[in-house]
Asks: 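Please find one structure pasted underneath; my questions will follow.
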Number of protein chains: 2
Amino acid sequence: MSANSRLTIAAHALAWISLYQRQGHEVATSEQIATSANTNPVVIRRLLGELRRAGLVESRRGMGAGWSLARELDSMTLLDVYEAVESGPLFAMHRATPDQGCVVGYGIQPAMQGIYEGIEETLRRELASVTMEDVLRDVLAAPR
Amino acid sequence: MSANSRLTIAAHALAWISLYQRQGHEVATSEQIATSANTNPVVIRRLLGELRRAGLVESRRGMGAGWSLARELDSMTLLDVYEAVESGPLFAMHRATPDQGCVVGYGIQPAMQGIYEGIEETLRRELASVTMEDVLRDVLAAPR
DNA sequence: CAAGTCGCAACAATTGCTGTTACGACTGTT
DNA sequence: AACAGTCGTAACAGCAATTGTTGCGACTTG
């Protein structure tokens, strides 16, 4: 499975913005977040753009521009973030339609579909049980 | 998330071999399975090779060669298949180490690591609760 | 009008999966 | 001993997704 870091980086950005705001600042720039996450500002802007579409953050343009939270972290779950930045199912079906004249080729897709849906539902429930506030607490709890 | 069909194809192959054996045949060829799955025999051989390494199937070479199950389907769970054909974690950390001088950059990896481990454990439990016998039953239950 | 930052398009690099060809290794049959 | 059928595996191309990068227009405050 080709793992990707989109959820990790998105959570990083949200935690960073929240902490920065708690220190009294109004907005955080993609440049600052990118420095903390050790990546490119455009990567951050792309991800935050998706979070904005999902209503998790807001952005201001012009002078003194930047990003701020649209909701409190405790009303924001990892599922919200996951759905904002991840697309498509965890497991895929055959790339080419299997032989419909074969019993297995005919029945395998509905069978796996049902199983995969159950698994994704469980994943969602798991993600929904963790708020971004929980994540930030864990972040701050890391031993020095 | 880049979904892949390795688990689906592996399950397809196992179900096909089992059904074929229940019809009285000793071994199935990668050619036959590939026809049912509408892919290339080498793709099937690659996947079945991984299942063989995991002790789920056996192969014979020479004349009358092919693949057979090494265990009954009801003693084989989707987790066994998943672990045989999938590698690496579902979610990845940052590709470049985040800024260790930043509180968030320092604490984010252990925080997310812990959360991801819990999620993967849940996924494993879910996959372990479905046997390949269940899958084959579902396959055969597809309405005509 | 100047400065700072977002918004977005475009492109390259990297990675993983899939499909394909090729060919040697192996073994039952003749 | 030769043949035929199939596995085992390497090599390579095609494709898609992610990531990183550059460039530049759009926007807003001072």
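Protein chains get the first letters and strands the later ones, always in sequence-line order, with residue 1 at the start of each.
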Asks: In whole Å, what is the span from the CG atom of A:Leu48 to the P atom of C:dG7?
Replies: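 Going from CG in A:Leu48 over to P in C:dG7 covers 9 Å.
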Asks: Please tell me which of the listed nucleotides, C:dG19, D:dT21, C:dA22, lies nearest to the side chain of B:Val43?
Replies: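 Comparing C:dG19, D:dT21, C:dA22 against the side chain of B:Val43, the answer is C:dG19.
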Asks: To the side chain of A:Arg46, which of D:dG5, D:dC7, D:dT19 is closest?
Replies: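 Closest of the options to the side chain of A:Arg46: D:dT19.
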Asks: Should A:Leu90 and B:Leu90 count as side-chain neighbours, where that means a heavy-atom distance under 4.5 Å?
Replies: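 SC-SC contact between A:Leu90 and B:Leu90 confirmed.
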Asks: Keeping A:Glu120 on the side-chain end and A:Gly118 on the backbone end, is there a donor-acceptor pair under 3.5 Å?
Replies: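 Here the side-chain-to-backbone pair does not exist.
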Asks: Start at the 5' end of DNA chain D and walk down; is the nucleotide closest to B:Arg53 or to A:Thr39 reached first?
Replies: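 Closer to the 5' end of DNA chain D: B:Arg53.
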Asks: Salt-bridged, A:Arg22 to A:Glu133, with N to O below 4.0 Å?
Replies: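 Salt bridge: yes.
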Asks: Within the 3.5 Å criterion, strictly below it, is a donor on A:Ser36 or A:His12 matched to an acceptor on the partner's side chain?
Replies: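 Looking only at side-chain atoms, A:His12 and A:Ser36 do form a donor-acceptor pair, the distance falling under 3.5 Å.
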Asks: Tell me, do B:Leu47 and B:Leu51 make a side-chain contact under 4.5 Å, heavy atoms counted?
Replies: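 No, side chains not in contact.
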Asks: Among D:dT19, C:dT21, D:dG23, which nucleotide sits nearest the side chain of B:Val42?
Replies: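 In terms of side-chain proximity for B:Val42, the closest of D:dT19, C:dT21, D:dG23 is C:dT21.
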Asks: Classify the nucleic acid contact of A:Arg45 as base, sugar-phosphate or nothing, counting any heavy atom under 4.0 Å across all strands shown.
Replies: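 Since a base atom lies under 4.0 Å of A:Arg45, the category is base.
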Asks: Examine D:dT6: is either OP1 or OP2 under 4.0 Å from a nitrogen or oxygen in the side chain of B:Ser59? Give yes or no.
Replies: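 Checking B:Ser59 against D:dT6: no side-chain N or O falls below 4.0 Å of OP1 or OP2.
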Asks: When we call it a touch if two heavy atoms are under 4.0 Å apart, what does A:Gly64 touch: a base, just sugar-phosphate, or nothing?
Replies: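 Answer is nothing: A:Gly64 stays at 4.0 Å or more from every strand.
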Asks: Nearest whole Å is fine: how far is D:dA17 C1' from A:Glu50 CD?
Replies: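 Between C1' of D:dA17 and CD of A:Glu50: 13 Å.
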Asks: If you check the B:Arg6 side chain, which of D:dC7, D:dT28, C:dT18 turns out closest?
Replies: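 Selected nucleotide (nearest to the side chain): C:dT18.
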Asks: Between atom CE in B:Met63 and atom C1' in D:dA1, what is the gap in whole Å?
Replies: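 My rounded result for the distance is 16 Å.
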Asks: Heavy-atom nearest nucleotide on DNA chain D for A:Asn40 versus B:Ala28: which residue maps closer to 5'?
Replies: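 The 5'-side residue here is B:Ala28.
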Asks: What's the closest nucleotide to the A:Arg61 side chain, out of C:dC6, C:dC8, D:dC7?
Replies: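 Closest nucleotide to the A:Arg61 side chain: C:dC6.
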Asks: Measure from CZ on A:Arg95 to P on D:dG14 and round the result to the nearest Å.
Replies: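 A:Arg95 atom CZ is separated from D:dG14 atom P by 14 Å.
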Asks: Could you tell me how far apart A:Ile9 (CD1) and D:dT19 (C1') are, to the nearest whole angstrom?
Replies: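 Value for this atom pair: 10 Å.
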Asks: Please determine, for the side chain of A:Asn4, which listed nucleotide (D:dT18, C:dG19, C:dA3) has the closest atom?
Replies: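 For the A:Asn4 side chain, the nearest candidate turns out to be D:dT18.
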Asks: Ignoring backbone atoms, establish whether A:Thr29 has a side-chain N or O less than 4.0 Å from OP1 or OP2 of C:dT5.
Replies: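 No, A:Thr29 has no side-chain N/O under 4.0 Å of OP1/OP2 on C:dT5.
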Asks: For C:dC17 and B:Ser5 - does any side-chain N or O of the residue sit under 4.0 Å from the phosphate oxygens OP1/OP2?
Replies: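 No, no such contact exists.
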Asks: Could you check how far CD1 of A:Ile44 sits from P of D:dG20, rounded to whole Å?
Replies: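 In whole Å, D:dG20 P lies 9 Å from A:Ile44 CD1.
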Asks: Between B:Glu86 (CD) and C:dC17 (C1'), how many Å, whole number?
Replies: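 Value for this atom pair: 11 Å.
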Asks: Minimum heavy-atom separation for A:Met76 to A:Leu14, with atom names?
Replies: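 Answer, listing the atom of A:Met76 first, then A:Leu14: SD-CD1, 3.9 Å.
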Asks: A:Leu90 has an atom CG; how far is it from atom P of D:dA17, in whole Å?
Replies: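 Computing the A:Leu90:CG to D:dA17:P distance gives 15 Å.
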